[in-house]
Amino acid sequence: MAAATSHHTIVSIQSHRWNGKNSRMDKRTANVRLVSVASCCSGTRKLGLVCVSGSKSSVIDPVQLHSNGKGDHTPKKSSESTLILIRHGESMWNEKNLFTGCVDVPLTRTGVEEAIEAGKRICNIPIDVIFTSAMIRSQMTAMLAMMQHRRKKVPIITHKESEQPHSWSQIYCEDTREQSVPVITAWQLNERMYGELQGLNKQETAERFGKEQVHEWRRSYDIPPPNGESLAMCADRAVTYFKDQVIPQLIAGKHVMVAAHANSLRSIIMHLDKLTSQEVISLE
């Protein structure tokens, strides 16, 4: 049942500062400092971090930007960037209370509504590039959220899997390109792979194997389900991709949205906040 699955990420906005020499969040100063893969990038960059979902339990007003007098919003100064982390809405297997993992399941009607609501909360925040997992539920969430954006830029999935799809999807009008937002899909941001649990009913699985065993598979940091991934394994691929591909965009002053899943986003937040393995397993 849908009630058994939580999609209630608390919405928060924090002010952070990027620094190419460190890789942690200092709880005392509320600064995020991350390793930059581009060693030539020096200095610091302010970052606004936004975690958002479609939950009606934690609504905040969209971030207000300064107007340029033409009815739209001007980007922040080049020394500032924004990172938006957005979890996908309810999927059809969430609704059925099934282990989903890396099975590619679309959103329910409720999930669509959640994605739209999440989009309304970030409608005033500039977005220059979007990263999603390879899963349709995260891509639907990103697209639906962007449809609510006040700048009305069109999210366009980039196809670089081979030379032909890349060349065939080129945009040859500069004005059109400027009114577009590239969407980069990456399997590394996929949900944790649940192995032999995928497709099983969560309640029935708990009755079969025992609640403690299932809880250990789902919530421990380094114990995987049968033939599946542990959170540590998921974090290894997700954080590596985040550091290699997302951080350079932020260092360059881009406003970035990442639409992904509970465990891949949990891994990224673990990296940003420098949480321990014990702290991250309780993170919703």
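- Connection of Trp93 to Leu200 is not established within any shared hydrophobic cluster, with ILVMFWY side chains joined at heavy-atom distances below 4.5 Å, either directly or through further cluster members.
- By the 4.5 Å heavy-atom criterion applied to side chains, Ile86 and Val258 are not counted as neighbours.
- To the nearest 0.5 Å, the span separating CD on Gln198 from CG on Asn227 amounts to 10.5 Å.
- With hydrogens and angles disregarded, no donor-acceptor distance shorter than 3.5 Å links the side chain of Thr110 to the backbone of Glu90.
- Following chains of ILVMFWY side-chain contacts shorter than 4.5 Å, one cannot reach Phe131 starting from Met140, and the two form parts of different hydrophobic clusters.
- Looking at Met143 and Met146, their side chains never come closer than 4.5 Å, going by heavy atoms from C-beta outward.
- For Arg177, the CZ atom is densely surrounded, since the number of other residues' heavy atoms within 6.0 Å is greater than 12.
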For this session: Could you check Leu107 against Leu144 for side-chain contact (heavy atoms from CB on, under 4.5 Å), going step by step and ending with a plain yes or no?
Result: CA-CA 11 Å; Leu107 300 180; Leu144 290 164; 4.2 Å; yes
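- Tyr221 meets the ring-ring contact (aromatic ring centres under 6.0 Å, His included) test with no other residue; sequence neighbours excluded.
- Between Tyr194 and Phe99, the ring planes are tilted. Angles from 30° to 60° get that label.
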Exercise. Going through the distances and angles, do Ser180 and Lys153 end up as a side-chain contact (heavy atoms from CB on, under 4.5 Å)?
Worked result: CA-CA 5 Å; Ser180 306; Lys153 289 190 174 184; over 6 Å; no
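- From Ser138, atom OG reaches atom CG of Leu189 across 8.0 Å, with rounding to the nearest 0.5 Å.
- Of all non-hydrogen atoms in Met147 and Lys152, the two that sit nearest each other are O-NZ, 3.8 Å.
- In the hydrophobic clustering of this structure, Ile268 groups with Ile184; members are Ile, Leu, Val, Met, Phe, Trp, Tyr whose side-chain heavy atoms approach within less than 4.5 Å, directly or through other members.
- In this structure a side-chain-to-backbone donor-acceptor pair under 3.5 Å is present from His149 to Arg151.
- At least one side-chain heavy atom of Arg137 sits less than 4.5 Å from a side-chain heavy atom of Ser91.
- No side-chain heavy atom of Ile156 sits under 4.5 Å from any side-chain heavy atom of Val183.
- For Gln203 and Glu207, the side-chain atoms include at least one donor-acceptor pair closer than 3.5 Å.
- Going from atom CZ of Arg266 over to atom CZ of Arg192 covers 8.5 Å, rounded to the nearest 0.5 Å.
- Atom CD of Gln278 has 12 or fewer neighbouring heavy atoms from other residues, nucleotides or ligands inside a 6.0 Å radius.
- A distance of 4.5 Å separates CG of Asn190 from OG of Ser133, quoted to the nearest 0.5 Å.
- A single hydrophobic cluster is seen to contain both Leu231 and Leu275, as judged by linkage of ILVMFWY side chains at heavy-atom distances under 4.5 Å, directly or through other members.
- Judged purely by atom type and a 3.5 angstrom limit, Ser230 has no side-chain atom pairing as donor or acceptor with the backbone of Ile223.
- Using a distance-only test at 3.5 Å, with no hydrogens or angles considered, no donor-acceptor pair links the side chain of Gln188 to the main chain of Ala238.
- Considering Lys120, Glu113, Glu114 as possible partners of Ile116, the one that fulfils the side chain to side chain contact (heavy atoms under 4.5 Å, CB included) test is Lys120.
- A donor-acceptor pair is defined here as one N or O able to donate and one able to accept, closer than 3.5 Å; no such pair exists between the side chain of Asp128 and the backbone of Val181.
- Ring to ring, Trp187 and Tyr241 are not that close: their centroids are 6.0 angstrom or more apart.
- Side-chain contact between Thr100 and Glu191: absent, with no pair of heavy atoms (C-beta onward) separated by less than 4.5 Å.
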For this session: In sequence, state the C-alpha distance, the side-chain angles, and the governing distance for Val105 and Asn94, and then conclude on side-chain contact (heavy atoms from CB on, under 4.5 Å).
Result: CA-CA 9 Å; Val105 180; Asn94 291 147; over 6 Å; no
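- Side-chain contact between Lys202 and Val214: absent, with no pair of heavy atoms (C-beta onward) separated by less than 4.5 Å.
- Other residues, nucleotides and ligands place more than 12 heavy atoms under 6.0 Å from the CD atom of Gln170.
- Evaluation of the side-chain contact (heavy atoms from CB on, under 4.5 Å) rule for Asp104 yields Met135, Ile136 as partners, not counting sequence neighbours.
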For this session: Kindly determine whether Thr82 and His255 satisfy side chain to side chain donor-acceptor pair (under 3.5 Å), including the steps that lead there.
Result: CA-CA 4 Å; Thr82 305; His255 305 287; 3.1 Å; yes
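- Without hydrogens or angle criteria, Thr205 side chain to Asn201 main chain gives a donor-acceptor distance under 3.5 Å.
- Leu83 and Ile247 fall within the same hydrophobic cluster, where Ile, Leu, Val, Met, Phe, Trp and Tyr residues are linked whenever their side-chain heavy atoms come under 4.5 Å apart, directly or through other members.
- Atom NZ of Lys211 sits about 12.5 Å away from atom CZ of Arg218, to the nearest 0.5 Å.
- With Ser220 contributing its side chain and Trp217 its backbone, the two residues share no donor-acceptor pair below 3.5 Å.
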For this session: Evaluate side-chain contact (heavy atoms from CB on, under 4.5 Å) for Arg237 paired with Met233, printing each intermediate quantity in order.
Result: CA-CA 7 Å; Arg237 59 172 165 84; Met233 296 162 68; over 6 Å; no
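- Applying the 6.0 Å contact sphere to CD of Glu161 captures more than 12 heavy atoms from other residues, nucleotides or ligands.
- Defined by atom type and a distance below 3.5 Å, a donor-acceptor pair is missing between the side-chain atoms of Glu95 and Thr108.
- Distance CD1/Ile84 to CD1/Ile127: 4.0 Å, rounded to 0.5 Å.
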